[in-house]
Amino acid sequence: MTRLSEYWLPTEKQDRPDAEAISHRLMVRAGLVRQLGAGMWTWLPAGWRVHERAVQIIREEMNAIGGQEMLMPVLQPAESWRKSGRLGIEELFKLTDRKGSELVLAMTHEEAVTTHVAQIVSSYRDLPLILYHFQVKERDEPRPRAGVLRTREFIMKDSYTFDRDAEGLEERYQLHVGAYDRILDRTGLEWYRVQSDVGMMGGLGAHEYMAPCAAGENEVALAPGFAANVEVASAFAQPVELPPSQPAPERVSTPGLTAVAGVAGFLGLPAGALLKAYPVVLDDARLVMVLVRGDHRVNEIKLAAVLGKPSRPARSEEIESQLGPPGFIGPVGLDGRVEILLDEAVDLAGSYVTGANVPDAHLRGVTPGRDFQFRPADVREVCVGDTVNGHPIRIERAIEVGNIFKLGTRYSEPLGASYLDASGREQAIWMGSYGIGPARIVAAAVEQFADEHGISWPSALAPFAVHLVAVGKRDTEERAAADELYETLRAGGIEVIYDDRDVRLGEKFADAELLGCPVRLTVGRQALADKEAELQLRRGLQRAPGLAIGGARADLIRALEELCQGLP
RNA sequence: CGGGGAGUGGCGCAGUCUGGUAGCGCACCCGGCUGGGGGCCGGGCGGUCGCAGGUUCAAAUCCUGUCUCCCCGACCA
């Protein structure tokens with residue numbers, strides 16, 4: 001039943017003043033979603049249709065690689081989370097039942113699926129397996145934002161693979177790469193598959209699927225043949241013109257100049273001719289000095305990977321007591337008291353300016369290796385101007401719509417998921433986990449294709465293929481013609497929303513453009529005279545040749561189907 | 001967790017500083033005109049001013065506490 005006079009599509013003329021992201025604004029205005037609380041969203045009928053179109057594409061591609069759909073509960077015993085070591089996660093909702101039993105609301109389903117597999121699988125003959133479900137995820141996000149982009153409850157397709165060994169995992173992983181590539185292609189989104197951080201879980205490899213748009217919370221670095229989350233990206237730095245080398249470091253007075261820009265300006269050097277000292281403290285309270293070029297920034301995720309453990313920036317009093325005055329610290333003369341990590345973008349033969357470890361002074365003519373010992377490491381964040389294989393990189397904001405992750409035995413070991421191999425030996429099962437968020441796909445589609453009039457859906461996701469607008473009042477000839485066309489389209493299997501409301505035409509057109517179905521058909525007096533419904537394509541608001549409505553119904557349906565096939 | 005802002009009919013807001021009859025636009029209901037880009041006229045319905053406590057003859061307004069929501073940052077297994 002998709003007559004607008006009876007359909008629950010609460011559109012709004014005005015934007016919500018507090019909605020910033022395009023998708024947040026338009027999805028509320030178009031009547032697709034409504035907010036219930038912070039990070040809690042209801043999908044209204046038209047919005048749910050879009051969501052389910054994304055779901056169906058995902059389901060078909062998962063089935064195509066041999067995935068088996070199932071359903072696991074959100075409410076779970078805390079025990080397996082304790083075993084896996086994830087009970088302490090702050091984002092995990094925890095609760096107790098009336099008997100005092102500890103429960104959690106699952107944020108993903110590794111614990112549940114691995115528990116089942118541990119119980120059920122016992123032989124190498126039972127493997128491999130690809131299991132998946134669409135299920136609600138609960139996460140106590142510190143800051144939900146941007147409509148459905150970051151919520152505390154959302155539906156995710158998560159799949160889990162179980163293999164005998166690393167080679168099997170690689171195979172299952174590649175199947176997911178193929179499936180995810182096809183899913184993203186089919187949605188009509190612009191997207192990238194990027195290398196990503198394996199996180200604190202220490203996985204064996206991971207990729208993210210990113211949809212570029214302004215509301216994105218991630219940044220991706222891109223060049224021909226190269227795509228990576230800036231969290232992990234590495235590239236060649238643009239060279240810097242350095243001053244001539246000196247036989248030994250020389251102290252220069254730099255009163256009050258604690259920032260790179262100030263020192264560089266004062267000495268007439270580019271920022272890249274300085275070495276910026278970034279002291280961090282490890283969990284065992286050990287201090288490490290990280291040095292990057294003055295025009296670069298430390299990437300804390302890459303740093304954590306190099307250090308093998310998390311660190312935090314050192315506090316002023318720690319810097320003061322162990323190194324020197326904050327703002328004037330440097331690597332020279334520390335005599336091995338603190339470890340020094342030197343970023344690989346630093347020219348080892350170069351002559352640099354560093355802090356002197358005394359107030360209001362820097363050293364110039366400092367050369368790594370000669371003047372201080374160090375461990376080389378790639379710890380800087382890539383930036384515009386860097387190159388990969390000679391191509392300059394660009395950096396774009398993007399929404400993470402999916403991720404795939406080689407887990408290895410991270411969960412199978414603590415949860416006891418093992419099998420007997422052909423020789424009767426017990427082996428840990430090798431796992432992978434793979435997530436994709438239909439809501440984020442939907443929001444990304446809004447972000448990528450909206451214009452000043454509203455949403456413009458890719459055909460694959462549109463709530464309806466055709467938005468049919470009746471012009472005339474009730475009980476007129478043109479209204480009767482529109483009614484008839486609606487019934488014809490329905491009978492022909494076309495997904496159509498029919499605006500039969502008794503409101504002004506301007507309001508109908510405005511709502512049609514807001515909702516963003518790919519094809520708009522209008523039936524009024526002119527159409528009736530020409531025996532053609534007026535046709536406008538939503539993408540670009542192009543007027544197209546009319547659709548003949550006088551002839552055979554089958555011809556009309558075929559013409560419309562052909563038209564829809566060709567739309568983006 | 002740090003910083004900023006906001007809670008007043010369904011929605012968007014004014015009123016709060018300086019306490020004294022709760023108001024405007026949209027939406028909604030009724031009637032009429034109009035009918036190819038959010039139209040016009042007339043009449044109506046609808047609000048314990050987030051919640052709790054306090055001050056006062058009197059509180060949307062002053063005081064205290066508390067809850068919720070939004071934005072920026074931190075965080076995001």
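Just so it is clear, the values below take in all heavy atoms, side chains as well, and ignore hydrogens, waters and symmetry mates. Sequence lines set the chain letters: A, B, ... in the order given, protein chains first and strands last, and positions in each chain run from 1. In this text, all values refer to a predicted model and were calculated from it rather than measured experimentally.
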## Note on the structure
Quick note, A/Glu507 side chain, CB onward, closest among B/G38, B/G12, B/G36 is B/G38
### Task
Quickly work out the A/Lys137 NZ to B/A77 C1' distance and round it to whole Å.
14 Å
### Message
Could you tell me the Watson-Crick or G-U partner of B/C40, where both distances fall under 3.5 Å? Say none if there is no partner.
### Response
B/G32
## Note on the structure
Taking a pair to mean Watson-Crick or G-U wobble geometry with both distances below 3.5 Å, B/U48 pairs with none
### Task
For B/A60 versus B/U21, give the span between their C1' atoms, rounded off to a whole number of Å.
14 Å
### Query
Once you round it to whole Å, what is the distance between C1' of B/G36 and CZ of A/Arg479?
14 Å
### Task
Provide, to the nearest angstrom, the distance between the CZ atom belonging to A/Phe509 and the C1' atom belonging to B/G38.
12 Å
### Task
Have a look at A/Glu111 and say if it touches a base, only the backbone sugar-phosphate, or nothing, with a 4.0 Å heavy-atom cut-off.
nothing
### Message
Between B/G25 and A/Gln14, counting only base atoms on the nucleotide and side-chain atoms on the residue, is there a donor-acceptor pair under 3.5 Å?
### Response
no
### Task
Provide, to the nearest angstrom, the distance between the CZ atom belonging to A/Arg543 and the P atom belonging to B/G36.
15 Å
### Query
Below 4.0 angstrom, N of the basic side chain to O of the carboxylate: do A/Arg82 and A/Glu79 qualify?
yes
### Message
I need the single residue from A/Ile497, A/Thr522, A/Val496 that forms a side chain to side chain contact (heavy atoms under 4.5 Å, CB included) with A/His467. Which is it?
### Response
A/Ile497
#### Entry: Span that lies between the P atom of B/U8 and that of B/C49, in whole angstrom
11 Å
### Query
Does the base of B/G39 carry an N or O that pairs as donor and acceptor with the side chain of A/Arg504 under 3.5 Å?
yes
### Task
Provide the distance between the two C1' atoms, one in B/C72 and one in B/A27, to the nearest whole Å.
33 Å
### Distance, P atom - from B/C17 to B/G50, rounded to whole angstrom
15 Å
### Query
For RNA chain B, whose closest nucleotide is more 5', that of A/Gly85 or that of A/Ala527?
A/Ala527
### Query
Within 45° of the ring axis of A/Phe154 and under 6.0 Å from its six-membered ring centre, is that where the NZ or CZ of A/Lys137 lies?
no
### Message
Checking A/Asp158 against A/His133: is there a side-chain donor and acceptor pair closer than 3.5 Å?
### Response
yes
### Message
Any strand counts, and the cut-off is 3.5 Å on both contacts for Watson-Crick or G-U wobble. Which nucleotide pairs with B/C69?
### Response
B/G5
## Note on the structure
B/C76 -> Watson-Crick or G-U wobble partner, both distances under 3.5 Å, gives none
### Task
Using the C1' atoms only, state how far B/C11 lies from B/C28, rounded to an integer number of Å.
12 Å
### Summary
Picking from B/G36, B/G12, B/A77, the nucleotide nearest the side-chain atoms of A/Ile89 would be B/A77
### Query
Judged by atom type as modelled, is there a donor-acceptor pair below 3.5 Å linking the side chain of A/Asn299 to the main-chain atoms of A/Val230?
yes
### Task
Do nucleotides 69-76 of chain B as a string where each nucleotide becomes B, S or -: B if the base has a protein heavy atom under 4.0 Å, S if just the sugar-phosphate does, - if no protein is that close.
SSSBBBBB
## Note on the structure
Here the distance between atom P of B/G35 and atom CG of A/Asp500, to the nearest Å, is 21 Å
### A/Arg34 CZ to B/C11 C1', straight-line distance once rounded to whole Å
8 Å
### Query
Looking only at side chains, do A/Arg86 and A/Tyr411 share a donor and an acceptor under 3.5 Å apart?
yes
### Query
Should B/C62 form a Watson-Crick or G-U wobble pair with both distances under 3.5 Å, which nucleotide is its partner?
B/G54
### Query
Expressed in angstrom and rounded to an integer, what is the separation of A/Leu528 atom CG from B/G36 atom P?
15 Å
### Query
B/G46 and B/C1: how far apart are their C1' atoms, nearest whole angstrom?
42 Å
### Nucleotide opposite B/A22 in a Watson-Crick or G-U pair, distances under 3.5 Å
none
### Query
Strictly by modelled atom types, are A/Tyr180 and A/His207 linked by a side-chain donor-acceptor pair under 3.5 Å?
no
### Message
Distance check, P atoms only: B/C45 and B/C13, in whole angstrom units.
### Response
26 Å
#### Entry: Pairwise P distance for B/C67 and B/A52, with rounding to whole Å
15 Å
### Query
Would you say the side-chain atoms of A/Lys531 pair up with the backbone N or O of A/Ala529, donor to acceptor, closer than 3.5 Å?
no
### Query
Looking at the side chain of A/Asp502, which of B/G36, B/G35, B/G37 is the nearest nucleotide?
B/G35
### Query
Can you find an N or O donor on one side and an acceptor on the other, under 3.5 Å apart, linking the side chain of A/Glu534 with the base of B/G36?
yes
### Message
Exactly one of A/Glu231, A/Met210, A/Gln195 should register a side chain to side chain contact (heavy atoms under 4.5 Å, CB included) with A/Val220. Which one does?
### Response
A/Met210
### Task
Using whole Å, report how far CZ of A/Arg520 lies from P of B/G36.
15 Å
